[in-house]
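Some notes on the structure that comes next.
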Amino acid sequence: MKKIKLFEEFTHNSKLKIGLYHDKGVVDSTISAWNDFFKDFFNIEPIKLDSDSFIIKNFEKLDLLIIPGGDSFQERLGMKEQSTLELIEWVKEGGKLLAVCAGFHLIAGSHDWSLGMLSVKSSDTTAAPGTTEPEKKLTEDIVHLDFRITDFGKTIFQTEETIINLYFHGGPVVHVNDSQNLKVLLTFAEEVPHQLPVPQFSKGAAAAIYSKFRNGNIISISPHIEKTPNHQNLLSNAINFLLNI
């Protein structure tokens with residue numbers, strides 16, 4: 001396995017500093033995808049933060065922190081309690097956070113172990129809606145789904161496209177109340193595959209959101225744009241939006 005570079009190895013680097021959580025719950029293939037993405041679009045390598053380096057003194061040096069896809073419950077287990085409190089405080093004070101797939105699950109309020117940084121709950125995807133069969137859940141297969149870009153999303157992603165096809169693997173399905181202070185960037189343009197025939201519950205739901213968290217700024221994305229080669233430029237534009245807001 002390739003040695004993970006930690007924060008101390010990058011302190012001499014005057015370039016943009018992007019932090020990337022990599023410990024419990026995050027697989028090497030996901031980190032590899034992010035490494036390739038940042039090499040191609042920003043000519044940098046993200047700074048890997050493990051459970052020991054996931055602390056406020058390192059957050060404060062970052063321009064942006066990413067919580068990537070993986071297993072959100074395991075990700076939470078890999079973060080020390082004090083570290084999560086420091087993360088929340090850092091974002092409140094103006095930090096910038098990008099949460100993708102499992103990271104989106106983690107920061108929303110769906111579970112008792114979630115961080116509650118986003119005032120939404122993802123739909124219960126551990127059981128078919130209207131059933132009592134918890135073993136019947138969303139397909140665990142990797143799929144490519146169509147997503148609709150909202151008008152605000154077109155501004156953030158810097159595109160005129162309306163429908164894009166993206167890599168999806170169990171990310172959140174979020175229904176947003178119009179009264180909430182959130183801006184939807186993407187919605188599901190089709191149903192997420194399910195192991196049981198069920199009523200529609202994902203089509204039209206939010207798949208990417210921009211939100212404020214006191215003085216901080218967050219973009220949460222359900223599908224894996226970083227793993228969708230034809231649309232990675234959209235992600236780079238969203239990251240530049242966060243960096244410059």
Side-chain angles (χ1 to χ4, degrees), residues 19-27 29-31 33-34 49 51 54 64-81 83-85 87-88 91 95-129 134-143 145 147 166-177 180 182-188 191-195 201-202 204-211 213 216-228 235 238 242:
L20 181 64
Y21 174 71
H22 185 185
D23 210 306
K24 286 185 179 179
V26 183
V27 297
S29 60
T30 295
I31 297 300
W34 280 108
L49 301 176
S51 60
F54 198 74
L64 173 70
L65 174 65
I66 299 171
I67 304 179
D71 182 324
S72 50
F73 177 60
Q74 290 297 323
E75 286 185 358
R76 178 65 180 85
L77 290 179
M79 298 176 182
K80 299 174 183 178
E81 189 64 31
S83 294
T84 58
L85 294 175
L87 168 64
I88 291 169
V91 178
K96 298 174 180 181
L97 178 66
L98 176 65
V100 178
C101 194
F104 191 166
H105 276 297
L106 180 63
I107 70 165
S110 304
H111 313 282
D112 57 6
W113 44 263
S114 298
L115 301 184
M117 300 171 69
L118 188 62
S119 57
V120 297
K121 291 185 177 181
S122 59
S123 298
D124 183 5
T125 57
T126 61
E135 74 281 3
K136 302 296 186 180
K137 55 186 178 180
L138 288 172
T139 178
E140 294 182 355
D141 294 337
I142 295 169
V143 296
L145 296 176
F147 293 86
L166 299 172
Y167 177 117
F168 178 82
H169 193 192
V173 177
V174 176
H175 293 274
V176 177
N177 188 315
Q180 291 175 294
L182 304 169
K183 294 185 181 294
V184 177
L185 310 180
L186 293 175
T187 62
F188 288 86
E191 285 297 310
V192 176
H194 203 284
Q195 293 177 357
F201 76 104
S202 56
I209 294 171
Y210 163 72
S211 57
F213 188 59
N217 293 276
I218 302 173
I219 288 181
S220 308
I221 303 174
S222 184
H224 289 273
I225 308 180
E226 80 282 2
K227 294 183 179 180
T228 313
L235 180 59
L242 273 180

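For reference, positions follow the sequence shown, starting with 1.
The shortest distance between side-chain heavy atoms of Phe104 and Ile209 falls below 4.5 Å. Side-chain contact between Met117 and Leu106: absent, with no pair of heavy atoms (C-beta onward) separated by less than 4.5 Å.
Scanning both residues, Gly170 and Cys101, for their nearest heavy atoms gives C-SG, 4.2 Å. Here the closest non-hydrogen pair linking Glu191 and Leu145 is O-CD2, 4.0 Å. Leu20 and Leu65 get closest at one heavy-atom pair: N-CD1, 4.3 Å. Closest non-hydrogen pair, Pro223 versus Val100, comes out as O-CG1, 3.8 Å. Taking each heavy atom of Ser220 and Leu118 in turn, the nearest pair found is OG-CD2, 3.7 Å. Contact between Thr228 and Tyr167 at its shortest, heavy atoms only, is OG1-N, 3.1 Å.
Under the rule for a side chain to side chain donor-acceptor pair (under 3.5 Å), the partners of Glu226 that lie at least two apart in sequence or sit in another chain are His224. When the ring pair (Phe, Tyr, Trp, His ring centres under 6.0 Å) test is applied to Phe54, the partners found at least two apart in sequence or on another chain are Tyr21, Phe59. Checked against side chain to side chain donor-acceptor pair (under 3.5 Å), Asp23 has the following partners two or more places apart in sequence or in another chain: Ser51.
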Full working for side-chain contact (heavy atoms from CB on, under 4.5 Å) between Arg76 and Glu81: CA-CA 9 Å; Arg76 178 65 180 85; Glu81 189 64 31; 2.8 Å; yes
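Side chain of Ser222 to backbone of Pro172: a donor-acceptor contact under 3.5 angstrom is found. Judged by distance alone, the side chain of Lys183 and the main-chain N or O of Tyr210 form no donor-acceptor pair under 3.5 Å. Judged by distance alone, the side chain of Ser72 and the main-chain N or O of His105 form no donor-acceptor pair under 3.5 Å.
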